[in-house]
Engineer: 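Pasting in a structure now, in structure tokens, and then I'll have a few things to ask.
If you're wondering where the values come from, they're calculated on a predicted model, not measured in any experiment.
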Amino acid sequence: MSLNKYLSLSILILINSCSSFNSVAGHNDNEYRLSQAVTCQTNTTPDEFIDLLKSQHGGNLISGNQGAEEDGEFTVSNPVDIWGIKVRHFSFHKGSNEDGDFTEYRAIVPATSNTISAQSLAQIGNVPKIADGYFYKSVGNNDLFIRQYGDDIVVSCANDVRTTRKSINRFIRNVQEKTE
């Protein structure tokens with residue numbers, strides 16, 4: 001066998017091995033991106049979030065609406081790894097407060113599959129405790145929360161709660177309140 005054929009065959013075997021490893025490990029780019037969106041490591045839009053859910057053989061609407069102004073709760077067939085916990089339930093919420101609009105993306109660990117506490121999950125994610133069953137961390141312009149709701153644990157990321165425009169609006173509002 002010539003050296004070129006040997007090298008070509010070796011490269012093909014290596015590529016195939018790497019591809020098989022990713023499949024065995026259960027990792028794919030969309031699962032990774034979905035995990036990153038829920039843990040505030042990357043920003044996304046509701047449409048992108050739904051597309052990521054659909055890529056996990058899911059996006060099945062449990063409640064809500066996929067329209068522009070509605071919240072949605074979804075389930076996926078292929079669970080997504082969030083800090084070592086396999087999660088099948090997700091939701092998003094389009095919210096607004098006095099500083100402006102934001103979108104919160106959530107992974108819901110139901111009591112039926114919950115073998116970890118909110119505190120343990122917060123330790124894995126390095127999210128400090130701010131109250132009983134409630135953990136919070138500012139990540140850039142986003143807020144990362146871990147909350148205990150009954151037996152369920154919710155990991156969520158509120159996108160763009162702190163932007164330059166919102167900071168200016170907050171500053172102006174504070175100045176106005178002090179002069180009144």
Side-chain angles (χ1 to χ4, degrees), residues 14-97 100-110 112-116 118 120-128 135-149 152-166:
L14 181 61
I15 289 170
N16 188 40
S17 296
C18 290
S19 175
S20 297
F21 174 76
N22 282 339
S23 297
V24 170
H27 173 78
N28 68 51
D29 288 340
N30 289 333
E31 176 185 351
Y32 178 76
R33 289 175 48 212
L34 189 55
S35 174
Q36 295 291 292
V38 170
T39 59
C40 289
Q41 301 305 305
T42 188
N43 285 343
T44 191
T45 67
D47 289 338
E48 291 169 341
F49 190 71
I50 291 169
D51 287 343
L52 290 171
L53 290 169
K54 287 180 180 177
S55 75
Q56 292 306 111
H57 302 281
N60 300 319
L61 188 64
I62 296 172
S63 66
N65 179 323
Q66 291 185 20
E69 298 302 320
E70 298 291 330
D71 298 348
E73 185 174 335
F74 303 86
T75 185
V76 297
S77 298
N78 293 341
V80 175
D81 188 292
I82 308 291
W83 295 323
I85 304 297
K86 294 295 185 181
V87 178
R88 292 182 185 271
H89 301 280
F90 295 87
S91 69
F92 73 90
H93 167 71
K94 287 187 172 188
S96 182
N97 60 24
D101 298 337
F102 64 90
T103 304
E104 185 175 9
Y105 302 99
R106 302 176 187 131
I108 304 159
V109 182
T112 57
S113 64
N114 189 359
T115 59
I116 190 167
S120 299
L121 196 56
Q123 287 174 338
I124 294 168
N126 196 27
V127 181
F135 304 82
Y136 165 79
K137 181 178 183 180
S138 171
V139 182
N141 290 339
N142 306 325
D143 286 341
L144 175 60
F145 296 98
I146 298 174
R147 297 171 274 211
Q148 186 83 41
Y149 284 116
D152 296 343
I153 299 171
V154 177
V155 178
S156 67
C157 179
N159 278 162
D160 294 328
V161 293
R162 282 176 301 286
T163 62
T164 302
R165 180 176 168 213
K166 290 177 182 180

Engineer: Determine whether V80 and F90 make a side-chain contact, defined as any pair of heavy atoms from C-beta on separated by less than 4.5 Å.
Structural biologist: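 Touching, per the 4.5 Å side-chain cut-off.
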Engineer: How many angstroms lie between atom SG of C157 and atom CD of Q36, to the nearest 0.5 angstrom?
Structural biologist: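 Taking SG in C157 and CD in Q36, the distance rounds to 10.5 Å.
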Engineer: So which heavy atom on S77 is nearest to which on P79, and how close?
Structural biologist: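 So the minimum-distance heavy-atom pair works out to O-CD, 3.3 Å.
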Engineer: Rounded at 0.5 Å granularity, tell me how far CD1 in I124 sits from OG1 in T39.
Structural biologist: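 Answer for the CD1-OG1 pair, I124 versus T39, is 12.5 Å.
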Engineer: Please report the interatomic distance CD1(I85) to OG(S35), rounded to the nearest 0.5 Å.
Structural biologist: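 One gets 11.5 Å once the value is rounded to the nearest 0.5 Å.
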Engineer: Looking at CG of L34 and CG of D51, how far apart are the two atoms once the value is rounded to the nearest 0.5 Å?
Structural biologist: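 Rounded to the nearest 0.5 Å, the CG-CG separation comes to 11.0 Å.
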Engineer: Any heavy-atom pair between the side chains of L121 and F135 that's under 4.5 Å?
Structural biologist: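 No, every pair of side-chain atoms sits at 4.5 Å or beyond.
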Engineer: So, for A158 and C40, which heavy atoms are closest and what is the spacing to 0.1 Å?
Structural biologist: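 So the minimum-distance heavy-atom pair works out to N-SG, 4.5 Å.
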Engineer: Ignoring hydrogens, what is the shortest heavy-atom contact between Q148 and A118? Give both atom names and the distance.
Structural biologist: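 Answer, listing the atom of Q148 first, then A118: OE1-CB, 3.2 Å.
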Engineer: Atom CZ of residue position R33 - does it have more than 12 heavy atoms of other residues, nucleotides or ligands inside 6.0 Å?
Structural biologist: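 Result for CZ/R33: open.
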Engineer: Kindly write out the residues that satisfy side-chain hydrogen bond (donor to acceptor under 3.5 Å, both in side chains) with D81, not counting sequence neighbours, or none if the list is empty.
Structural biologist: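 Applying side-chain hydrogen bond (donor to acceptor under 3.5 Å, both in side chains) to D81 gives none.
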Engineer: How would you list, by chain and number, every residue that makes a salt bridge (charged side-chain N to carboxylate O under 4.0 Å, His left out) with R147, sequence neighbours excluded?
Structural biologist: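 Here the qualifying residues are E104.
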Engineer: Using the side chain to side chain contact (heavy atoms under 4.5 Å, CB included) rule, take Y149 and I108 through it: C-alpha gap first, then chi angles, then the decisive distance, then the call.
Structural biologist: CA-CA 10 Å; Y149 284 116; I108 304 159; over 6 Å; no
Engineer: What pair of heavy atoms forms the shortest contact from V87 to A107, and how long is it?
Structural biologist: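 For V87 and A107, the tightest heavy-atom pair comes out as CG1-CB, 3.9 Å.
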Engineer: Rounded to the nearest 0.5 Å, what separates atom CD1 in I116 from atom CD1 in I153?
Structural biologist: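 If I round to the nearest 0.5 Å, the distance is 6.5 Å.
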Engineer: Heavy-atom distance under 4.5 Å between the side chains of Q56 and N30, does that happen here?
Structural biologist: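 Counting from C-beta outward, Q56 and N30 do come under 4.5 Å.
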Engineer: Among residues at least two apart in sequence or on other chains, which ones pass ring-ring contact (aromatic ring centres under 6.0 Å, His included) with F49?
Structural biologist: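 Testing F49 for ring-ring contact (aromatic ring centres under 6.0 Å, His included), a comparison that skips the adjacent residues, returns Y105.
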Engineer: Using 0.5 Å steps for rounding, measure from the CG atom of L53 to the NE2 atom of H89.
Structural biologist: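 Those atoms lie 12.0 Å apart.
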Engineer: Name the atoms and distances for all side-chain donor-acceptor pairs under 3.5 Å in residues 138-145, with sequence neighbours left out.
Structural biologist:
| from | atom 1 | to | atom 2 | distance (Å) |
| --- | --- | --- | --- | --- |
| S138 | OG | R162 | NH2 | 2.6 |
| N141 | ND2 | R162 | O | 3.2 |
| N142 | OD1 | N159 | ND2 | 3.4 |
| N142 | OD1 | D160 | N | 2.8 |
| N142 | ND2 | N43 | OD1 | 2.9 |
| D143 | OD1 | Y136 | OH | 2.8 |
| D143 | OD1 | R162 | NH1 | 2.6 |
| D143 | OD1 | R162 | NH2 | 2.9 |

Engineer: Does F102 have any ring-ring contact (aromatic ring centres under 6.0 Å, His included) partners at least two apart in sequence or in another chain, and if so, which?
Structural biologist: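 With neighbours one apart ignored, the set is empty.
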Engineer: Side chains of W83 and V127, heavy atoms from C-beta outward: is any pair under 4.5 Å?
Structural biologist: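 Yes, side chains in contact.
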Engineer: Can you name the side chain to side chain contact (heavy atoms under 4.5 Å, CB included) partners of Q123, sequence neighbours left out?
Structural biologist: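 Partners of Q123 under the side chain to side chain contact (heavy atoms under 4.5 Å, CB included) test: Q119.
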